[in-house]
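Everything on this sheet refers to the single structure shown next.
What you are looking at is a predicted structure, and each value in this text was computed from that prediction instead of being measured.
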Amino acid sequence: MSPRMPPRLATWVLDHLGMRYRNESLGGDLFEEYQQGRNRLWYWRQVIAAVVARQPRPLKPKTRLLFLRIFGHILADLGVVLLFSQIAESEHRIRPVDYLMSPANIAVLALLGLTAATGVGLVIWATRQGSRGTHN
Amino acid sequence: MTHKSSTLYFSYNFVNVEDMRKREYLGQLELMVLLAVMRPARDAYGVLISREIAEKSGRDVALASVYAALDRLERKGFVISSLGEPTAERGGRARTYFTPTAAGLREAREAHGTLMRLSSGLAGLKGELA
């Protein structure tokens with residue numbers, strides 16, 4: 001007697017997006033249970049649980065630092081560009097100095113400055129951590 | 001407390017905190033899975049473990065959650081796994097068998113003992129409260 005075949009698409013999803021740990025055995029267990037009379041909905045639920053339970057591969061420290069540096073650069077660039085565009089915005093106003101010195105504008109400028117400083121700090125920290133790792 | 005004894009007291013506490021950091025504690029599902037691995041006379045594998053949990057706890061736990069717990073238990077050194085032969089009744093896929101290690105048995109015993117001690121004499125557990 002030929003076995004009852006579980007949903008093809010669900011099996012494909014399990015094989016390609018399933019757990020990193022013992023996924024083949026998990027697939028075999030699901031197949032075995034399906035032969036015992038479990039229904040398609042049960043099978044799909046189990047596959048979705050396997051996809052959800054899939055743990056992301058941990059990043060290597062070097063890669064993590066590289067991502068932090070890129071993120072830091074983006075943050076710093078964004079902060080600086082928005083800061084200057086905010087200052088340039090005052091030129092279009094009738095009273096540029098009043099606009100620049102308004103509490104709301106000062107708060108925005110301070111926030112953008114802080115963003116840029118955080119980005120720069122992140123880049124410096126990640127670079128130092130990276131070079132420390134190379135020396136050790 | 002003298003200066004010397006207070007230093008000793010501080011060091012003792014510090015060591016305790018360090019022990020807590022090094023020690024691997026079991027989650028509820030991990031403990032259930034570990035106990036289920038210990039249950040069969042031989043060769044516990046995913047389906048058996050999940051059926052054992054469903055039977056004894058009344059909870060239908062997803063097989064993926066069982067495998068995730070087994071992964072953590074194996075990384076903590078509480079179980080070891082071995083791959084069987086692929087069979088036709090499993091669609092050509094192999095079983096993974098799990099066996100508790102000595103550390104796993106010790107951990108299960110300690111967890112069981114702790115739960116027993118903590119729960120002994122609790123009126124709320126016998127429905128005597130309320």
Side-chain angles (χ1 to χ4, degrees), chain A residues 1-65 67 129 132-133 136, chain B residues 24 27-30 32-34 36-37 39-40 42-55 57 59-100 104:
Chain A
M1 203 172 85
S2 60
R4 211 174 128 232
M5 294 309 285
R8 259 182 161 185
L9 180 62
T11 307
W12 185 91
V13 170
L14 180 72
D15 289 343
H16 291 86
L17 304 168
M19 299 181 73
R20 294 188 200 285
Y21 177 79
R22 303 287 187 198
N23 197 47
E24 194 200 317
S25 295
L26 172 63
D29 285 356
L30 294 183
F31 190 91
E32 201 180 315
E33 286 282 76
Y34 195 72
Q35 302 310 307
Q36 301 293 316
R38 299 280 196 175
N39 60 27
R40 296 165 70 89
L41 183 67
W42 177 88
Y43 193 89
W44 266 108
R45 269 186 21 228
Q46 297 289 325
V47 169
I48 290 166
V51 173
V52 172
R54 180 191 174 104
Q55 287 179 340
R57 206 184 291 273
L59 287 175
K60 286 179 186 169
K62 250 185 168 180
T63 319
R64 205 181 310 145
L65 286 174
F67 275 120
Q129 289 291 317
R132 199 174 291 171
N136 286 342
Chain B
E24 298 277 11
Q28 192 189 9
L29 181 62
E30 284 172 29
M32 288 202 296
V33 170
L34 181 57
V37 169
R39 177 73 66 173
R42 53 182 281 277
D43 297 342
Y45 73 101
V47 172
L48 280 188
I49 296 167
S50 124
R51 280 186 195 158
E52 184 70 27
I53 293 171
E55 218 173 89
S57 72
R59 283 193 228 173
D60 200 9
V61 181
L63 269 160
S65 306
V66 171
Y67 273 91
L70 285 164
D71 180 21
R72 293 194 295 273
L73 287 171
E74 191 166 12
R75 274 189 276 136
K76 288 174 183 175
F78 296 152
V79 297
I80 48 168
S81 65
S82 58
L83 207 60
E85 291 296 318
T87 57
E89 73 223 24
R90 290 171 55 84
R93 294 163 194 249
R95 277 181 186 163
T96 300
Y97 295 108
F98 297 91
T99 317

Should the pair A/Asp15-B/Arg93 be classified as a salt bridge under the 4.0 Å nitrogen-to-oxygen rule?
yes
What are the two closest non-hydrogen atoms of A/Leu26 and B/Ala64, and how far apart are they?
CD1-N, 4.0 Å
Looking at every heavy atom in both A/Tyr21 and B/Leu70, which two are closest together, and how far apart are they?
OH-O, 3.9 Å
I need the A/Arg20 CZ to B/Asp71 CG distance, nearest 0.5 Å.
11.0 Å
Thinking salt bridges, do B/Arg51 and A/Glu33 make one under a 4.0 Å N-O criterion?
yes
B/Tyr45 vs A/Arg22 side-chain heavy atoms within contact, under 4.5 Å:
no
Exam field: side chain A/Ser25 to backbone B/Ala94, donor-acceptor pair closer than 3.5 Å
yes
Is a salt bridge present between B/Arg95 and A/Asp29, judged by a nitrogen-to-oxygen distance below 4.0 Å?
no
Chain B contact via A/Gln35 - which portion, at a heavy-atom distance below 4.5 Å
side chain
Considering all heavy atoms of both residues, which atom of B/Leu63 and which atom of A/Gln46 are nearest to each other, and what is their separation?
N-OE1, 2.8 Å
Does a sphere of radius 6.0 Å around CD in A/Gln36 hold more than 12 heavy atoms from other residues, nucleotides or ligands, not counting ones at 6.0 Å or beyond?
yes
Quick check: closest heavy atoms across B/Glu89 and A/Phe31, and the distance to 0.1 Å?
O-CD2, 3.4 Å
Side chain / backbone / both / neither for B/Thr96 at chain A, heavy atoms under 4.5 Å
both
